[in-house]
There are 2 protein chains.
Amino acid sequence: MDAETIQRSLEDGGLRCTPQRYAVMAFLMEHAEHPTAAEIFEAVNRLDPRSSRATIYNNLRDLVEAGLVREVAVEGRAARFDAKAVRHHHFICDRCGNVEDMEWYDVPKPDADSLGKRVFREYELIFRGLCARCAPRRASRHA
Amino acid sequence: MDAETIQRSLEDGGLRCTPQRYAVMAFLMEHAEHPTAAEIFEAVNRLDPRSSRATIYNNLRDLVEAGLVREVAVEGRAARFDAKAVRHHHFICDRCGNVEDMEWYDVPKPDADSLGKRVFREYELIFRGLCARCAPRRASRHA
DNA sequence: TCTCAAATTAGACAGATTCTAAGACTTCAT
DNA sequence: ATGAAGTCTTAGAATCTGTCTAATTTGAGA
């Protein structure tokens, strides 16, 4: 991933390109496996230890607000983050909580009637089940 | 909501009908506004204070496992719970985090190809935007 | 009634995230 | 350059959500 692209996308989002912010964005663009804040903190500081935990969280919040990063809440687990540019759905594993990307396809949006006074921004489709790693041992669930 | 219905649904789910469990289930069936665990704890004990916090969490976990209650994770906020029997989608407010029900409609499921070795269990559609209460003041965001 | 598993409890604990207060860095007008 | 103002970062404390522990109570069935 080319540095200028990252810098430009930050600036397009109205964010200054600081080394710490750059590191978070670059890491997310290079790692599609939906890391948690803790994983990002560890990985970013392993390369060059100069981001505090608060800064990771601050920058993730800024990136989400700027629309450059998506946050995925998972029941009972830490949030996961995702900078993939192309639109996609998500598959969440019931057992391990991992989040995987699924190919995008449009579905009908709710009509104005059912929205009422709400302002619609976007939708996403979440699939649940067992990921490829967990599926084979699902029998052990009933052990 | 009739007491026998609640009792029966608990027993159908393989759960003993204790006063504490009953109280959680009854509260959820009577309150469709997707309360958090903390809200349930407070409300249930306001009526009749005999449930500890751990019991609320234990019972919510049991009810979710029995399929009687749905848990909705919301980014950066406490999980919300929902005992509505009829299938529905959710609308989550970007600003206040409230969860509202949206009428159900089927959408195409992912095909076997894109699932690969994953085991599909269910899907849900999540709409995001601003709820009726937050929509009018969205301008203040840029203040 | 007796027994045993299931359920409950208070409070300690843990993990995730936010807050605070201080300092460092940028920007920009002088 | 210089200084003011705002933005960013920091370490650690604090908060919030949720889980665990160990002891006790409850309840269904023998």
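Numbered from 1 within each chain, the chains take letters A, B, ... in sequence-line order.
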Check your understanding: Do B/R121 and A/L130 come within less than 4.5 Å of each other through their side chains, counting heavy atoms only?
Key -> no
**Study point:** Any side-chain heavy-atom pair of B/V107 and A/L125 under 4.5 Å
**Key:** yes
Exercise for review: Assign B/A79 to base, sugar-phosphate, or nothing according to its heavy-atom contacts below 4.0 angstrom with the strands shown.
Suggested key: sugar-phosphate
Exercise for review: Pick base, sugar-phosphate or nothing for A/S51, based on heavy-atom distances below 4.0 Å to the nucleic acid.
Suggested key: sugar-phosphate
**Study point:** Contacts of type salt bridge (charged side-chain N to carboxylate O under 4.0 Å, His left out), residue A/R80, not counting sequence neighbours
**Key:** none
Study note, to complete from the structure: Taken in chain and number order and not counting sequence neighbours, the residues that satisfy side-chain contact (heavy atoms from CB on, under 4.5 Å) with B/V64 are B/V69, B/E71, B/F81
Point to revise | Partner residues of A/A132 under the side-chain contact (heavy atoms from CB on, under 4.5 Å) criterion, sequence neighbours left out | key: B/K117
Non-neighbouring partners of [X] that pass ring pair (Phe, Tyr, Trp, His ring centres under 6.0 Å), sequence neighbours left out:
X: A/F120; result: none
X: B/Y57; result: none
X: A/Y123; result: A/W104

Practice item. Write down the distance between CZ (B/F81) and P (D/dT17), rounded to a whole number of angstrom. Key: 12 Å
Practice item. Specify the separation, in whole Å, of atom CZ of B/R50 and atom P of D/dT25. Key: 16 Å
Point to revise | Donor/acceptor link under 3.5 angstrom from B/R53 side chain onto base of D/dG18 | key: yes
Let me check something: any side-chain donor-acceptor pairs from residues 34-41 of chain A under 3.5 Å, sequence neighbours excluded? List them with distances.
from: A/H34; atom 1: ND1; to: A/A32; atom 2: O; distance (Å): 3.1
from: A/H34; atom 1: ND1; to: A/V99; atom 2: O; distance (Å): 3.0
from: A/H34; atom 1: NE2; to: A/D82; atom 2: OD2; distance (Å): 3.3
from: A/H34; atom 1: NE2; to: A/H90; atom 2: NE2; distance (Å): 3.3
from: A/H34; atom 1: NE2; to: A/D101; atom 2: OD1; distance (Å): 2.7
from: A/T36; atom 1: OG1; to: A/E39; atom 2: N; distance (Å): 3.2
from: A/E39; atom 1: OE1; to: A/T36; atom 2: N; distance (Å): 2.9

Check your understanding: Using a heavy-atom distance cut-off of less than 4.0 Å, which residues of residues 10-21 of chain A contact DNA chain C?
Key -> A/R16
Exercise for review: Name every residue in residues 54-76 of chain B that has at least one heavy atom under 4.0 Å from any atom of DNA chain C, in order of residue number, or write none if there are no such residues.
Suggested key: B/A54, B/T55, B/N58, B/N59
Check your understanding: Got a sec, which hydrophobics cluster with B/L47, joining ILVMFWY side chains under 4.5 Å apart, including via others?
Key -> none
Practice item. With rounding to the nearest 0.5 Å, note down the distance linking OH in A/Y22 to CG in A/L15. Key: 15.0 Å
Point to revise | Range on DNA chain C touched by chain A, heavy atoms, distance below 4.0 Å | key: C/dA16 to C/dT27
Check your understanding: A/A78 or B/S52: which one's nearest nucleotide on DNA chain C is closer to the 5' end?
Key -> B/S52
Check your understanding: Please walk me through it: do A/R128 and B/E124 pass salt bridge (charged side-chain N to carboxylate O under 4.0 Å, His left out)?
Key -> CA-CA 8 Å; A/R128 295 176 189 283; B/E124 65 180 307; 2.7 Å; yes
Exercise for review: Go through the side-chain N and O atoms of A/N58 and A/T55 and say whether any donor and acceptor fall under 3.5 Å apart.
Suggested key: no
**Study point:** Bending between helix ends of the helix from C/dT1-D/dA30 to C/dT30-D/dA1 [5 pairs per end, 10° resolution]
**Key:** 20°
